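Below: one structure, written as structure tokens.
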Number of protein chains: 2
Amino acid sequence: MADTFVNNPSFFKLDATLKKLRNYWQKMFDSRQMDITVDQWLLVENLYKHKKTTHNELARNTSKDITTVSRIIELLVKKGLVKREADTYDRRKVYLQLTPDGTEKYKQVKPLVHEMRKTGWKSLTEADYAELTRILDTIYSNIPTKV
Amino acid sequence: MADTFVNNPSFFKLDATLKKLRNYWQKMFDSRQMDITVDQWLLVENLYKHKKTTHNELARNTSKDITTVSRIIELLVKKGLVKREADTYDRRKVYLQLTPDGTEKYKQVKPLVHEMRKTGWKSLTEADYAELTRILDTIYSNIPTKV
DNA sequence: TAGCAATAGTTGTTATAGCAACTATTTTGC
DNA sequence: GCAAAATAGTTGCTATAACAACTATTGCTA
């Protein structure tokens with residue numbers, strides 16, 4: 001790849017796009033009184049799909065640090081959207097699942113998220129989506145895990 | 001765009017890629033004793049390019065909140081990399097610029113950043129870069145600023 | 001089987017992100 | 001010219017991010 005590209009701010013563009021997306025989502029959540037943050041939503045969505053999971057799995061599924069998951073879950077438990085349940089056989093493990101209120105919250109927020117995703121992809125094609133996916137996946141796999 | 005795509009986790013993929021990039025950069029900075037964070041670097045890089053600027057301009061240029069810029073600058077001033085200078089005519093304004101140590105830091109970190117950017121783009125072409133830019137710009141402009 | 005390593009999760013600390021509220025100036029509009 | 005609006009920046013607060021250190025439990029191995 002030509003040297004000029006190395007100076008191009010792809011990091012910056014990724015960051016700027018994600019920040020604008022995140023702000024848009026949060027403002028929409030707030031204006032609709034959804035009473036939830038973007039990252040709390042991402043965990044709720046994941047818990048809805050997996051029904052019953054652990055902090056560790058949730059962290060892997062959402063690309064979040066386990067400490068971050070632990071603290072967000074703490075907030076969701078306080079809000080009554082998630083409940084913790086100890087594993088009978090392995091007392092280190094704690095299973096997480098949505099409460100009925102949590103499931104209700106998911107169903108309430110979901111259509112809004114659906115609309116926002118459509119808004120973001122307006123005027124883009126399925127080929128564009130595939131391209132973005134391919135390029136981001138390539139960058140992701142290019143990055144060493146250990147330094 | 002087909003409905004299935006609305007359910008695809010582009011937000012998640014952007015977030016995961018950026019997080020891995022950011023972690024990689026930070027670990028490389030740490031292992032080379034650069035004594036700087038990724039976001040501190042982004043401000044230093046911007047100050048090197050613009051020589052003399054204000055908090056507000058810096059915030060616009062870096063897609064950061066002005067409060068965030070204010071606090072990162074505070075850290076950079078404490079490290080002796082940036083100095084503040086009041087405007088003579090408009091006493092609300094504060095100009096920011098790199099100190100000699102700040103310029104030195106820029107020159108020290110720059111080659112590493114150059115290498116890391118090359119690593120991220122490994123096996124991608126200039127056309128890929130153009131595609132990514134186009135798609136991210138489209139998403140960016142699709143997002144309403146007001147909700 | 002005793003001791004050590006690995007696993008699951010929490011807590012402490014520092015940094016970034018962003019909203020609201022605030023001070024201090026400067027500009028605008030009547 | 002003066003009050004209100006706009007601008008520049010800081011401070012308070014809450015949330016997310018990640019590393020290090022910690023507790024508790026389970027698995028492994030000599």
Side-chain angles (χ1 to χ4, degrees), chain A residues 11-12 15-16 18-31 35-43 53-60 62-79 82 84-96 145-147, chain B residues 11-12 15-16 18-31 35-43 53-60 62-79 82 84-96 145-147:
Chain A
F11 185 102
F12 170 75
D15 186 51
L18 188 62
K19 225 174 264 178
K20 193 166 177 190
L21 266 173
R22 187 179 289 275
N23 285 353
Y24 170 56
W25 282 41
Q26 191 61 59
K27 279 182 181 153
M28 290 289 273
F29 285 170
D30 292 346
S31 74
D35 187 34
I36 198 168
T37 67
V38 173
D39 294 282
Q40 285 167 22
W41 162 254
L42 293 174
L43 293 202
T53 184
T54 63
H55 290 75
N56 246 319
E57 283 178 340
L58 203 46
R60 273 198 304 276
T62 56
S63 255
K64 289 183 184 304
D65 195 271
I66 188 177
T67 60
T68 301
V69 168
S70 185
R71 284 170 171 125
I72 298 177
I73 288 296
E74 182 63 30
L75 292 176
L76 291 174
V77 168
K78 275 185 188 151
K79 281 184 176 175
V82 168
R84 296 194 182 99
E85 194 184 342
D87 186 307
T88 320
Y89 303 106
D90 187 340
R91 287 192 293 167
R92 294 169 303 182
K93 273 193 184 173
V94 179
Y95 289 111
L96 303 169
T145 303
K146 294 274 179 204
V147 299
Chain B
F11 185 102
F12 170 74
D15 188 51
L18 188 61
K19 225 174 266 177
K20 194 165 176 192
L21 265 173
R22 185 181 291 276
N23 287 352
Y24 169 55
W25 282 41
Q26 190 62 59
K27 277 181 182 151
M28 290 288 274
F29 284 170
D30 291 348
S31 74
D35 186 34
I36 198 167
T37 68
V38 173
D39 294 281
Q40 285 167 20
W41 162 255
L42 294 174
L43 293 203
T53 184
T54 63
H55 290 75
N56 245 319
E57 283 178 339
L58 203 47
R60 274 198 304 275
T62 56
S63 255
K64 289 184 183 304
D65 195 271
I66 187 176
T67 61
T68 301
V69 167
S70 184
R71 281 169 174 128
I72 298 178
I73 288 296
E74 182 63 29
L75 293 176
L76 291 175
V77 168
K78 273 184 191 152
K79 281 184 176 176
V82 168
R84 296 194 182 100
E85 193 185 341
D87 185 306
T88 318
Y89 302 107
D90 185 340
R91 288 192 293 167
R92 292 169 305 182
K93 274 193 182 171
V94 179
Y95 288 112
L96 303 169
T145 302
K146 294 274 176 201
V147 301

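Only this structure's heavy atoms are used, side chains among them; waters, hydrogens and symmetry mates stay out. Keep in mind that what you see is a predicted model, and the values were worked out from it rather than measured. Numbered from 1 within each chain, the chains take letters A, B, ... in sequence-line order.
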Closest heavy-atom pair, A:Thr62 versus A:Leu58, reported as atoms and distance to 0.1 Å, is OG1-O, 2.7 Å
Test item: A:Lys79 side-chain N/O and A:Asp35 main-chain N/O as donor-acceptor pair under 3.5 Å | yes
Show the distances under 3.5 angstrom between N or O atoms of the protein and N or O atoms of nucleotides 7-10 of chain C.
from: C:dT7; atom 1: O2; to: A:Arg92; atom 2: NH1; distance (Å): 2.8
from: C:dA8; atom 1: OP2; to: A:Asn56; atom 2: ND2; distance (Å): 3.2
from: C:dG9; atom 1: OP1; to: A:Val94; atom 2: N; distance (Å): 3.1
from: C:dG9; atom 1: OP1; to: A:Val94; atom 2: O; distance (Å): 3.1
from: C:dG9; atom 1: OP2; to: A:Asn56; atom 2: N; distance (Å): 3.1
from: C:dT10; atom 1: OP2; to: A:His55; atom 2: NE2; distance (Å): 3.2
from: C:dT10; atom 1: OP2; to: A:Ser70; atom 2: OG; distance (Å): 2.4

Would you say the side chain of B:Val94 lies within less than 4.5 Å of the side chain of B:Glu85, judging by non-hydrogen atoms?
-> no
Closest heavy-atom contact between B:Lys27 and A:Thr145?
-> NZ-O, 4.1 Å
Mind listing the residues from residues 19-29 of chain B sitting with a heavy atom below 4.0 Å of DNA chain C? Number order is fine.
-> none
Nucleotide nearest A:Gln40 (side chain, heavy atoms from C-beta), chosen from C:dT16, C:dC19, D:dT16 | D:dT16
For A:Lys64 and A:Thr88, take the nucleotide of DNA chain D holding the closest heavy atom to each; which residue's nucleotide lies nearer the 5' end?
-> A:Lys64
D:dT16 C1' sits how many Å from A:Trp41 CH2, rounded?
-> 18 Å
Grab the CZ-P distance between A:Arg91 and D:dG27 for me, whole Å please.
-> 12 Å
Tell me yes or no: between the side chains of B:Thr67 and B:Asp65, is some donor less than 3.5 Å from an acceptor?
-> yes
Round to the nearest Å and state the distance from A:Ile72 atom CD1 to D:dT14 atom P.
-> 17 Å
B:Leu43 has an atom CG; how far is it from atom C1' of C:dA15, in whole Å?
-> 12 Å
Apply side-chain contact (heavy atoms from CB on, under 4.5 Å) to B:Ser70 and list each qualifying residue two or more places apart in sequence or on a separate chain.
-> B:His55
Sugar-phosphate, base or nothing in reach of B:Thr68, heavy atoms under 4.0 Å | base
Once you round it to whole Å, what is the distance between P of D:dT14 and NZ of A:Lys78?
-> 11 Å
Provide, to the nearest angstrom, the distance between the CG atom belonging to A:Asp35 and the P atom belonging to D:dT14.
-> 15 Å
Take the protein atom CG of A:Leu18 and the nucleotide atom C1' of C:dA17, then report the distance between them rounded to whole Å.
-> 12 Å
Is the shortest heavy-atom distance from the side chain of B:Arg22 to the side chain of B:Asp39 under 4.5 Å?
-> yes
B:Leu76 and B:Ile72: CA distance, side-chain angles, deciding distance, side chain to side chain contact (heavy atoms under 4.5 Å, CB included) verdict | CA-CA 6 Å; B:Leu76 291 175; B:Ile72 298 178; 4.3 Å; yes
Any donor and acceptor pair, going by atom type alone, linking the side chain of B:Gln26 with main-chain N or O of B:Val38 inside 3.5 Å?
-> yes
A:Tyr89 OH - D:dG27 P separation (whole Å) = 13 Å
Below 4.0 Å: OP1/OP2 of D:dT16 and any side-chain N or O of A:Thr37 = yes
